[in-house]
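See structure below.
Quick note on labels: first sequence line is chain A, next is B, and so on, each numbered from 1.
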Amino acid sequence: MSRSPKYLTTPLYYLNAKPHIGHAYCSILVDAVARYERLFGGETYFLTGTDEHGQKVDKAAQARGMEPQAHVDELHLAFKDLWPTLNIAYDDFIRTTEPRHKQVVTGFLQKLWDDGEIYADDYEGWYSTTAERFFTEDELVDGRCPDSGGEVTHIKERNYFFKMSKYEDALRQHITSTPDFIRPPHRANEVLGFLDKGLGDLCISRPKERLSWGIPLPFDAEYVTYVWFDALSNYVSALGWSSTGESTKAFDDWWPGANHFIGKDILTTHCVYWTTMLLALGIPLPKHIIATGWWLSDDRKMSKSIGNVVDPLGMKDVYGPDVLRYFLLRDMVIGLDSNFSEEALVRRNNSDLANDLGNLARRAAGLVTRYFDGLVPEPGAPTDDELAVMNAAKGLAANLMGWVDKLQIHQAIEETMQFVRQLNKYMTDTAPFKTIKTDPQAAARSLYTVVEGLRHAATVLGPVMPVKMAELVAGLGVEPVERLDDLTWGGVAPGTKLGLETALFPRRDLPVSAEAEATPPKKKKKAKAAAKAAPVAADGNIDFDHFMKVELVAADVIEAEKVEGSDKLLKLQVSLGDETRQVVSGIAEHYSAESMVGKQVVLVKNLAPRKIFKIVSQGMIIAADTADGGLALMAPTPRVPAGTRIH
RNA sequence: GGCUGCGUAGCUCAGUUGGUUAGAGCGAACGACUCAUAAUCGUUAGGUCGACAGUUCAAGUCUGUCCGCAGCCA
């Protein structure tokens, strides 16, 4: 069965932020899908890159006193250099500041201009520098940017517009007649809902005086191209699409199999802006646009302002890139949000990778070493037990493509692990460590079956954990198979020398915080009593360690305002030296907003963030009730540097 | 406020066109085994399937109302 070539893309990551878990997940997902695809015998072209124009980048460069180009030349490496460390193998990395890209965007725009798809008009609105876009009067919140809360300025200016509205019906038609164009399907409904509100035209320019760091419009040098228009074009510029009509081989080969993987936050830009641009240019629409969910922390989006950012990328340094990949791909159902936690990652590592898979390899290898001098024994004729395993291996390989095609990667992994569990059971049932004394032939048969089963599992998990599974296959003494079709039972030749010396996936301890909360799994009986020890003892005392978990720090109040609609609450911005936190505190009846600014207070730093009056509060200020019903704020005397730990 | 989706064991989730005692993995308890990374294998416990009402011989599965959560839009 032949498969059509697939062109797999991640979004171009915008250089105004450091790589985070969202970027990493998307790239890992595309990488895994590409590797699966190749295992199925298909061809793939994997594109990623960076989006380097725009005001934020320009500003950041200015702040550093650098030329924007020098700035992005440096910054884009944070992404480009990251991918290999996550075992991600892309085919091309495109930067929007490269000539090959700028050239295509220019041709793109010129063609639209020539075809009358772009017109100039006056535009009036409130512009937010932080969000880099206009808002209507109605959209503003308290006269500020609804996205960033930043300042907006009223601007009236001439700009260029793309006649996007023209394509509303054509796009709706395409979405409704192509059920899996947008995946998962409920996202398609979202886009249709967006279209039903009526599609306007899209402003695609920014005056040069306001934004110089961009691609100049070919028909008006006083303007540069709007960042989205610029960035989205990468999907065809990387293939060398040409506006003159002469298409490149790369474009013809790959574009028909285009799969854009994106985060759900950029659904509209891809499903509406990009698609209508393509319609206007007469370029066929991509085959699929796949919107993934977000990795959350404590059921919330990770964000610096909420203070719940965990550093999943740091996990690769602690646990290894393949373990991180396994966790991300196993624990997220594509399209839905998932919670990220180090604890969940460690549990996955321990139960699936260390216990089930790694340990199985170890026990099989140990027995082969002990009883057969480390040489894989002759299997002999299979009995029903072996036939069951062989059938399961066959079924696994047969089902795999279906799961991957449905983008049920987590399911593909789960099915594989079920097979591994079956191998463990088979090993226990046939007990080669016993039969070796009574029936060496049976022992040989069992061990051969487990080794061969491991080879199947390793092959099928290769796309998820390329390096670790290559190690396992090498440990089994065989050459890896490139294609699933070549994965047939009996690939391990009897007499092969096994080389599985070390544990493939070491067990890990749960992170400290998790262990304190969970019932410790260690030393079953002895630990039981101790484990049940509650944080608060019967006499009401807590032990020293518990107290030390409360992080009290000195904080300087830098801003304060009353919370509208509440008599008691003040919203404070406090500095902890290296970070600023927002805290909502019920002290307004005793302290005015003005009087708080400049004061030093004591903040409970590691209190879980919560919303009070819809405002996120990241900590608590401590105070004492006074005898006359007043309130006395606690503060270090004398004043100490903000952020100083108090204990 | 409008629209859409979701709410199933402690946790993460499956549950096909409504049909016998609601499933899996993790976690837990107990047991077996001892080749192995305190591993593996087995057994058990734990759910009024968000609430209420309705349709039906029969509802986690359909309808309505409500509660909670999320997303999109305004």
Considering only [options], which nucleotide approaches the side chain of [X] most closely?
X       : options                   : value
N355(A) : rU40(B), rC35(B), rA38(B) : rU40(B)
E190(A) : rA38(B), rC35(B), rG71(B) : rG71(B)
S351(A) : rU34(B), rU37(B), rC26(B) : rC26(B)
R363(A) : rU37(B), rC33(B), rU40(B) : rU40(B)
F194(A) : rU37(B), rC73(B), rG25(B) : rC73(B)
R347(A) : rU34(B), rG25(B), rG27(B) : rG27(B)
T268(A) : rU34(B), rG25(B), rC73(B) : rC73(B)
T428(A) : rU37(B), rU40(B), rC35(B) : rU40(B)
R421(A) : rG71(B), rC35(B), rC26(B) : rC26(B)
F433(A) : rC35(B), rU37(B), rG71(B) : rC35(B)

Identify whether the distance between the nearest side-chain nitrogen and carboxylate oxygen of [X] and [Y] falls below 4.0 Å.
X       : Y       : answer
D356(A) : R421(A) : yes
R183(A) : D180(A) : no
D385(A) : R445(A) : no

So W295(A) and F340(A), would you call those rings parallel, tilted or perpendicular, with 30° and 60° as cut-offs?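 Because their plane-to-plane angle is over 60°, the rings of W295(A) and F340(A) count as perpendicular.
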
Parallel, tilted or perpendicular: which fits the ring planes of W228(A) and H270(A), with parallel below 30° and perpendicular above 60°?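 Ring orientation of W228(A) relative to H270(A): perpendicular.
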
Is [X] touching bases, backbone alone, or none of the nucleic acid, heavy atoms closer than 4.0 Å?
X       : value
D196(A) : nothing
G193(A) : nothing
L504(A) : base
Y371(A) : nothing
M427(A) : base
N424(A) : sugar-phosphate

Take atom [atom1] in [N] and the same atom in [M], then report the distance between them in whole Å.
N       : M       : atom1 : value
rC11(B) : rG46(B) : C1'   : 13 Å
rU44(B) : rU4(B)  : P     : 45 Å
rU61(B) : rU17(B) : P     : 14 Å
rG50(B) : rA45(B) : P     : 23 Å
rA59(B) : rU8(B)  : C1'   : 14 Å
rA22(B) : rC13(B) : P     : 23 Å
rG47(B) : rC57(B) : C1'   : 26 Å
rG60(B) : rG15(B) : C1'   : 8 Å

What's the [atom1]-[atom2] distance between [X] and [N], to the nearest Å?
X       : N       : atom1 : atom2 : result
I266(A) : rG71(B) : CD1   : P     : 17 Å
F340(A) : rU12(B) : CZ    : C1'   : 15 Å
M417(A) : rU40(B) : CE    : P     : 10 Å
L267(A) : rG5(B)  : CG    : P     : 16 Å
L345(A) : rU12(B) : CG    : P     : 16 Å
H410(A) : rA24(B) : NE2   : P     : 17 Å
F327(A) : rC11(B) : CZ    : P     : 16 Å
Q408(A) : rC13(B) : CD    : C1'   : 12 Å

Find which nucleotide of RNA chain B each of D352(A) and Q422(A) is nearest to by heavy atoms, and output the residue with the more 5' nucleotide.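 Looking at RNA chain B, the more 5' nearest nucleotide goes with D352(A).
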
So which one's nearest nucleotide on RNA chain B is more toward 5', R370(A) or N350(A)?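 Its nucleotide being nearer the 5' end, the pick is R370(A).
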
Does R362(A) put a side-chain nitrogen or oxygen below 4.0 Å from OP1 or OP2 of rU37(B)?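 Yes, within the criterion.
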
Under 3.5 Å, sequence neighbours excluded: what are the donor-acceptor pairs made by side chains of residues 365-372 of chain A?
residue: T369(A); atom: OG1; partner: A365(A); partner atom: O; Å: 2.7

Counting runs of three or more consecutive pairs, Watson-Crick or G-U wobble, with each distance below 3.5 Å, where are the stems of RNA chain B?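 Expected stems, ordered by start: B:1-7 with B:67-73, B:10-13 with B:23-26, B:28-32 with B:40-44, B:50-54 with B:62-66.
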
Euclidean distance, [Y] [atom2] relative to [X] [atom1], rounded to 0.5 Å:
X       : Y       : atom1 : atom2 : answer
T292(A) : L29(A)  : OG1   : CG    : 7.0 Å
M390(A) : E452(A) : CE    : CD    : 9.0 Å
E415(A) : M417(A) : CD    : CE    : 12.5 Å

Is rG46(B) syn or is it anti, if syn means the base angle is within 90 degrees of 0?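 In terms of base orientation relative to the sugar, rG46(B) is syn.
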
For A24(A), does its backbone N or O pair with a side-chain atom of S27(A) as donor and acceptor, under 3.5 Å?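 Here the side-chain-to-backbone pair does not exist.
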
